[in-house]
Amino acid sequence: MVPKDRDFKMPPLLTTLEYLQDLELYQSEKPYFCLMPATNCLLVQNEQLDNLEFESHDEIPIGDIRGLEKAFKIDDCGFEVFNHISKVRDLHSGGLESNMALTQYKLETEELLTTYLGASFVCCYDFVMRKNIVFDDTVFDLKDPMHAIGPARGAHNDITYNSGPMIINRNLTDDQKREFLQPGYRFRIVNTWRSLLPVLEDRPLALCDSRTVAPSDLIACDRIIPDRVGEVYYLKYNPQHEWYWMSKQTSSEPYMFVLYDTKAGSHARFCPHVSFPNPGAAKDSPPRQSVETRSIVITRE
């Protein structure tokens, strides 16, 4: 559902979005997916590595925020767009191709979030590059930050109220915990998402206004990797959801959206998102390439 009280420059795009099915199974068995180490692959050939079942919903309206960027704020709906030209040279040639460029981009992200959110401290702890291509490799190193993966399936929010504190505890030093884990500080986990193409048309990202998501729409799912168990939220379908995107998004128009927030209140504390097929994309538009980061952002309340 797209709200009628905004002066959109363009009519909403109608497309298909993927949701987690609302299965009876999930009443007795928690959703999960496993990423197993390569040395164990032969041992689990006949084991079920996930119990996720997705469903597609067609004719979902996606409102185009092009020209209305200032009407969408991270504390209100969960996301916003800002103008920023990266100084990392590799970024303008289709990706980050060295550990030095990766380090530069993470530092740049920390500076960016410090400025935009008035943060006392920012730790960029995660980095993902994505390409909308068919990957031949079935074995890859989860710890290799230079490895690109495909767009994630299903509308989701990468952090839950359970996994947020674990991520913060794992990525802060003891000195940082002593300084910031006390009254008066607000912890958020924030995603930045940027196209690596000059103009993105293929598999753009849709973001859901968190005010239109009911608590019962969020389904916690275990993410099992070799050294730990994490948790994400998948979204089940609700016709009240309001989805947005930015047409012809450029590499200097990154998204910023919230995944977790310790501050209680009616403001946005998460932002479900998912990529989608763009029916208006030119047939010769290049496959999506994007980069995203996840950062712990600490501000004074």
Side-chain angles (χ1 to χ4, degrees), residues 2-3 5-13 15 17 60-88 91-92 105 108-119 122 124 127-130 151-152 155-158 188-213 241-261 267-276 278 280-281 285 288-295 297 299:
V2 171
D5 59 347
R6 297 191 190 275
D7 184 21
F8 287 100
K9 309 302 182 184
M10 298 290 290
L13 185 76
T15 189
L17 295 185
I60 302 291
I62 316 288
D64 186 355
I65 67 173
R66 172 69 66 189
L68 294 172
E69 295 90 334
K70 293 183 179 179
F72 295 85
K73 297 299 182 183
I74 192 169
D75 269 342
D76 298 330
C77 60
F79 66 90
E80 61 184 86
V81 178
F82 50 90
N83 292 312
H84 177 262
I85 299 175
S86 176
K87 296 179 181 178
V88 181
L91 205 70
H92 305 289
Y105 190 69
E108 184 179 75
T109 298
E110 291 175 352
E111 294 172 359
L112 190 63
L113 293 174
T114 297
T115 299
Y116 269 83
L117 297 176
V122 176
C124 180
F127 169 94
V128 180
M129 287 192 294
R130 298 187 188 272
H156 64 283
N157 188 79
D158 301 84
R188 278 175 285 184
I189 298 177
V190 175
N191 188 309
T192 67
W193 191 100
R194 186 192 297 264
S195 169
L196 289 174
L197 301 172
V199 178
L200 176 67
E201 293 192 68
D202 175 63
R203 297 298 303 196
L205 194 69
L207 302 128
C208 189
D209 188 327
S210 69
R211 293 170 294 191
T212 68
V213 178
H241 294 159
E242 295 176 2
W243 290 94
Y244 299 93
W245 75 306
M246 171 171 274
S247 61
K248 298 189 181 301
Q249 187 175 13
T250 70
S251 59
S252 61
E253 296 173 314
Y255 288 129
M256 169 175 63
F257 51 96
V258 65
L259 301 173
Y260 172 80
D261 192 345
H267 61 281
R269 301 178 69 188
F270 57 88
C271 181
H273 50 281
V274 67
S275 69
F276 65 92
N278 177 10
S285 59
R288 164 186 152 184
Q289 295 185 58
S290 61
V291 58
E292 60 197 77
T293 67
R294 300 182 187 97
S295 300
V297 178
T299 53

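Index from 1, following the sequence. Computed from a predicted model, the values in this text were never measured in an experiment. Computed over heavy atoms, backbone and side chain alike; hydrogens, waters and symmetry mates excluded.
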Q: Measure across Y105 and T293 and return the closest heavy-atom pair with its distance rounded to 0.1 Å.
A: CE2-CG2, 3.7 Å
**Q.** Whether Y244 and F79 hold their rings parallel, tilted or perpendicular, with breakpoints at 30° and 60°
**A.** tilted
Q: Looking only at non-hydrogen atoms, find the nearest pair between D261 and H267 and report the distance.
A: OD2-NE2, 3.1 Å
(Q) Please tell me whether H273 and N191 have a donor and an acceptor in their side chains that are separated by less than 3.5 angstrom. (A) no
Q: Can you see which heavy atom on T299 is nearest to which on G118, and at what distance?
A: CG2-O, 3.8 Å
Q: Starting at CD1 of I74, measure out to SG of C271 and round the result to the nearest 0.5 Å.
A: 8.0 Å
Q.
Distance check, rounded to the nearest 0.5 Å: N157 atom CG versus Y260 atom OH?
A. 12.0 Å
**Q.** Closest approach of S275 to A152 (non-hydrogen atoms, all atoms of both residues)
**A.** OG-O, 4.3 Å
Q) For the side chain of Y255 and the backbone of M246, is there at least one donor-acceptor N/O pair under 3.5 Å apart? A) yes
Q) How many angstroms lie between atom NZ of K70 and atom CG of L68, to the nearest 0.5 angstrom? A) 11.5 Å
Q | Within-4.5 Å side-chain heavy-atom neighbours: V81 and F72 | A | no
Q: Would you check if Q289 and R130 make a side-chain contact, meaning some heavy-atom pair closer than 4.5 Å?
A: no
Q | Exam field: side chain S285 to backbone E201, donor-acceptor pair closer than 3.5 Å | A | no
Q. Which value, rounded to the nearest 0.5 Å, describes the distance between L197 atom CG and Q249 atom CD?
A. 10.5 Å
Q: With the side chain counted from C-beta on, respond yes when L117 and M256 share a heavy-atom pair under 4.5 Å apart, and no when they do not.
A: yes
Q) What's the shortest heavy-atom distance between A268 and C77, and which atoms? A) CB-C, 3.8 Å
**Q.** Non-hydrogen side-chain atoms of V258 and V297 separated by less than 4.5 Å
**A.** no
Q. How close do S195 and S251 get, heavy atom to heavy atom, and via which atoms?
A. O-CB, 3.3 Å
Q) Would you say E292's side chain and V128's backbone share a donor-acceptor pair under 3.5 angstrom? A) no
Q | Test item: R203 side-chain N/O and R288 main-chain N/O as donor-acceptor pair under 3.5 Å | A | no
Q.
Test side chain to side chain contact (heavy atoms under 4.5 Å, CB included) on L112 and V122; report intermediate values, then the result.
A. CA-CA 10 Å; L112 190 63; V122 176; over 6 Å; no
Q | Flag, side chain of N278 to backbone of D202, donor-acceptor distance under 3.5 Å | A | no
Q. With a 4.5 Å heavy-atom cut-off, do F276 and L13 have their side chains touching?
A. yes
Q.
Can you tell me how far apart CZ (R269) and CG (L259) are? Round to the nearest 0.5 Å.
A. 13.0 Å
Q: Using atom types as modelled and distance alone, determine if a side-chain donor or acceptor of R66 lies under 3.5 Å from a backbone N or O of K248.
A: yes
Q) Between E108 (side chain) and K87 (backbone), is there a donor-acceptor pair under 3.5 Å? A) yes
Q: State the CD-CZ distance between E253 and R194, to the nearest 0.5 angstrom.
A: 10.5 Å
Q) Just wondering, do T115 and F82 contact through their side chains at under 4.5 Å, heavy atoms? A) no
Q) Would you call F270 and V213 a side-chain contact if the rule is heavy atoms closer than 4.5 Å? A) yes
